[in-house]
Amino acid sequence: MNQRQPHVGLVLFDTYVGSFLWTFTANCLHTGARQRGVRLSTVAVQTVAEQAAALVQLLEQSVDALVMKPMSAHDADIAAILHQAHLRGIPVITLDSKISDCQVSCSVGSDNVKGQSMTAEYIFERLGKRGKVAYFQGDQGVPAGVLRARSFTETLSRYPEISLCHEITVAWTTHVSRRAEGARHMRKILAQTPDLAALIASSDEEALGALEVIEEAGLTGKILVAGFDGAPEALLAVRDNRMVVTLRQRPDLIASHTLDAVLAAMRGEHLPPMIFTKMDLITADNVYESSLDALQMMPGLILNLADNHLVQQRLQQAVIANQQRILQTVIAVSSAVSHIRDPGQLMDQVIELICQRFDFDYTALYLVEPYDDGNVPTHIALKAFNIGPQMQLTTQAHATIALGESALMARCIQDRQAHIAHDLKDGEAGCVQRMSDVRSELVIPLSAGTRAIGVLDIQSLKDHAFDQDTFTVLQAIAHQVGIALENANLYAETLRRAQEQVENQQKLLTAEKMASLGRLTAGIAHEMNTPLAAVRSAMSELGQLIDEYESSIDDPQVNAEDHHGIAQEMKSAVSLASGSAARAASFVQGVKSQTRDLSTREHINFDPVPIIRESILLLSHALRQANCPATLQSHVEQPVLHGSPGRLAQVITNLLTNAIDACQEKGGCPITLTLLPQERYLELRVSDQGCGIPTEILDEVLTPMFTTKAYGKGTGLGLAIVHEIVTTDFRGTLNIESTVGQGTTFVLRLSTETMPVGAISAT
């Protein structure tokens, strides 16, 4: 039975803010982990907060151990997280330095106290134990910086004739480069202390920055410079006698001892609190020996120290070409996924780009099917794939498969981690598309937020087909594809919701129109019924008078006076019928003018007074029923508005209806419409003495679909429509004056300016 592969989480400085040493250490840790059969998950961070988040993330992945480079001597969040790890029995190994008040298995790294003392003593002895020196102190928020500063102070105390002129703290965990900070501080120091004898720095980066300024001033060799870490460029500076000393730490030994400590802690073995690794004081006398000893870790340094041998040049060119290929692949995928909105087209394009740049035998993208129970994915669907010429299918391809048929995919979806299978035997391929002679398979999750939405599955007929560079670029591609797919789905969902919103708004507008029509129907029926009844009554009476007149023609007893009387009664009946018919015709004309559909292009100059009166007439029945007499007071001679009469009628109807509703609680109240002259405007005030509008909702009443009425009693669009018509059709403003319990006044300012010629259509 195969033992489970140990899973170790590693949290280091991002190369943007961390020392170059930890870039080497990370490489050595990954190499050593592969040799020991350890799975290493690395997270690069730039701040203490990011470090805390990374530790939480790794604990959620159920790692077996944690390795971290502390970014702070003490942090409450870090301490709490490491305490949780201790309670779970997860060993924690810190690199380079300890963390206060934290339970860790041990710390592995160089002796910072001894190392800083070694460089300081070397400089002090070179100066003959006297002279002016400057010290670039390390970040005091980082344990290593604290230890090195303390060691320098203790060493300085043993040299009474050494004068410390400048002690400057350089931040180690900011986005400002340590090298740039070293140069900036050195310029100030030289301006203040021209006879400076030496600079001792707590890391190589700030020492190299200061060295640039010293060289610009022509003081190379006159000011001794010491660094710490043994970075490649610092070793070159020592070789060229520009820097006199640096302390080379051993990332290979740090990595080796760390992994040994991790495995020992996982076995339950007792470990010492601190494991110190070997350090080398590098001077011009031993720089070549030290550099050659670090051949496997620093190929770039060897290339610079050697005489540009042809083989070395070719190797460098191959590395550069590979990095360019990787960069071009990522750029090509980024360009493709940034503008494609269709998920299917996006996945086909990604598969094509991967196949163009890599020699894989099978490449496919699968997406998780909708969850059956809303939580755990059970099926995954093949969406895009490419099969190489040497690959043969041994089973039929499936569009949708159960995750249980693919162990690699199931694990990938569950833990959202990439999984690699090497040296596969026949029939062991994790993909349900089982291929013959497959030897390597890589499955990478496509993530969206906190869940996996699919996988990128790659198979090869070669053993160990996926090196670190290939793995890195494929992870980057999968990450971009996951985000792009999620964006594409969100884009489609946004379009769908926007369309639904448009349709819902149309439905609500239709409902508002129907509601307005319903409110008018009762009034129309009542107002038409009265004159029509009078016409019928008059016509009936007229018929009777005609019969009476006809029967009296040959009657000798009916004299001329009687005939005149009958004729007068006929005239009265005809007059009554005509008046009632005229009243009905006037009402019909009012309905016609109110309901005429004038588009926004059919703007005319018109007198608003008849339109307002007709609107009151149409609602007369509703106004009488609500005990709300409405009157119009016009203080304008020959008023003229420019716009749509039908749209103004809609405004008046909605405001009157709103006023009727506001007066219901009081059993009715008068409604006054006042027309006043203003410069370039007509001011129409619609006032009621109803319940008023509370101050807290006054700003919301014009918002579409806002209503204080019970469900089903209003659409919340009436006042919103009024506001839209006033501001667009009549280029005016709408303000509301209201006092709770006393009433409300809607103040409409409607433009009287005529639109340019050509924008007005005559009627």
Side-chain angles (χ1 to χ4, degrees), residues 12-13 18-26 28-29 32 67-74 92-100 102 104-125 135-159 170 172 200-207 226-231 234-235 238 244-262 264-265 270-283 286-287 289-290 293-294 297:
L12 283 178
F13 288 156
S19 167
F20 194 61
L21 165 73
W22 300 111
T23 300
F24 282 137
T25 303
C28 294
L29 282 167
V67 177
M68 63 177 293
K69 170 69 174 76
M71 299 184 74
S72 173
H74 177 74
V92 178
I93 309 295
T94 60
L95 299 176
D96 190 48
S97 50
K98 301 178 182 178
I99 307 178
S100 303
C102 285
V104 299
S105 299
C106 79
S107 299
V108 179
S110 305
D111 188 337
N112 287 289
V113 174
K114 180 180 178 181
Q116 190 69 88
S117 178
M118 289 169 65
T119 60
E121 285 180 351
Y122 185 85
I123 292 294
F124 296 160
E125 294 296 331
Y135 178 54
F136 283 171
Q137 177 177 268
D139 196 324
Q140 295 304 285
V142 177
V146 175
L147 293 174
R148 293 178 192 181
R150 184 185 306 160
S151 173
F152 176 82
T153 301
E154 292 173 354
T155 304
L156 181 66
S157 66
R158 300 196 297 270
Y159 292 84
V170 179
W172 282 357
I200 300 171
S202 57
S203 81
D204 283 337
E205 281 90 344
E206 52 257 41
F228 196 118
D229 284 338
L235 297 181
V238 171
V244 296
V245 67
T246 186
L247 188 86
R248 178 194 164 209
Q249 301 189 70
R250 295 289 301 273
D252 55 337
L253 297 182
I254 293 174
S256 177
H257 290 335
T258 298
L259 291 169
D260 289 343
V262 165
H270 176 73
L271 295 172
M274 188 76 201
I275 299 175
F276 289 123
T277 56
K278 181 183 177 182
M279 299 178 296
D280 299 321
L281 195 67
I282 306 300
T283 65
N286 64 353
V287 64
E289 177 185 349
S290 176
D293 184 54
M297 293 182 296

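We use all heavy atoms of the structure for the numbers below, so side chains are in, but hydrogens, waters and symmetry mates are not. These figures come from a predicted structure and were not determined experimentally.
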A.B. asks: As a quick check of understanding, evaluate side chain to side chain contact (heavy atoms under 4.5 Å, CB included) for H257 and F276, giving each step before the final call.
C.D. replies: CA-CA 9 Å; H257 290 335; F276 289 123; over 6 Å; no
A.B. asks: List the steps and the verdict of side chain to side chain contact (heavy atoms under 4.5 Å, CB included) for I200 and Q116.
C.D. replies: CA-CA 9 Å; I200 300 171; Q116 190 69 88; 3.8 Å; yes
A.B. asks: Under 3.5 Å, side chain of E206 to main-chain N/O of D204, donor-acceptor pair present?
C.D. replies: no
A.B. asks: Show your working on side chain to side chain contact (heavy atoms under 4.5 Å, CB included) between M118 and F228 and close with a plain yes or no.
C.D. replies: CA-CA 10 Å; M118 289 169 65; F228 196 118; over 6 Å; no
A.B. asks: Going by heavy atoms in the side chains, are D96 and Q249 under 4.5 Å from each other?
C.D. replies: yes
A.B. asks: If you measure from CG on L156 to OG on S151, what distance do you get to the nearest 0.5 Å?
C.D. replies: 11.0 Å
A.B. asks: Starting at OG1 of T258, measure out to CG of L95 and round the result to the nearest 0.5 Å.
C.D. replies: 4.5 Å
A.B. asks: Looking at N286 and L281, would you say the former's side chain and the latter's main chain have a donor-acceptor pair under 3.5 Å?
C.D. replies: yes
A.B. asks: Take V244 and T283, measure what side chain to side chain contact (heavy atoms under 4.5 Å, CB included) needs, and give me the verdict at the end.
C.D. replies: CA-CA 6 Å; V244 296; T283 65; over 6 Å; no
A.B. asks: Atom CD in Q137, atom CZ in R150: separation rounded to 0.5 Å?
C.D. replies: 11.0 Å
A.B. asks: Could you check whether T155 and S117, counting side-chain N and O atoms only, form a donor-acceptor pair closer than 3.5 Å?
C.D. replies: yes
A.B. asks: Kindly say whether F136 contributes a backbone atom to a donor-acceptor pair with the side chain of S202 at under 3.5 angstrom?
C.D. replies: yes
A.B. asks: Within a strict 4.5 Å, meaning less than it, do heavy atoms of the D280 and R250 side chains meet?
C.D. replies: yes
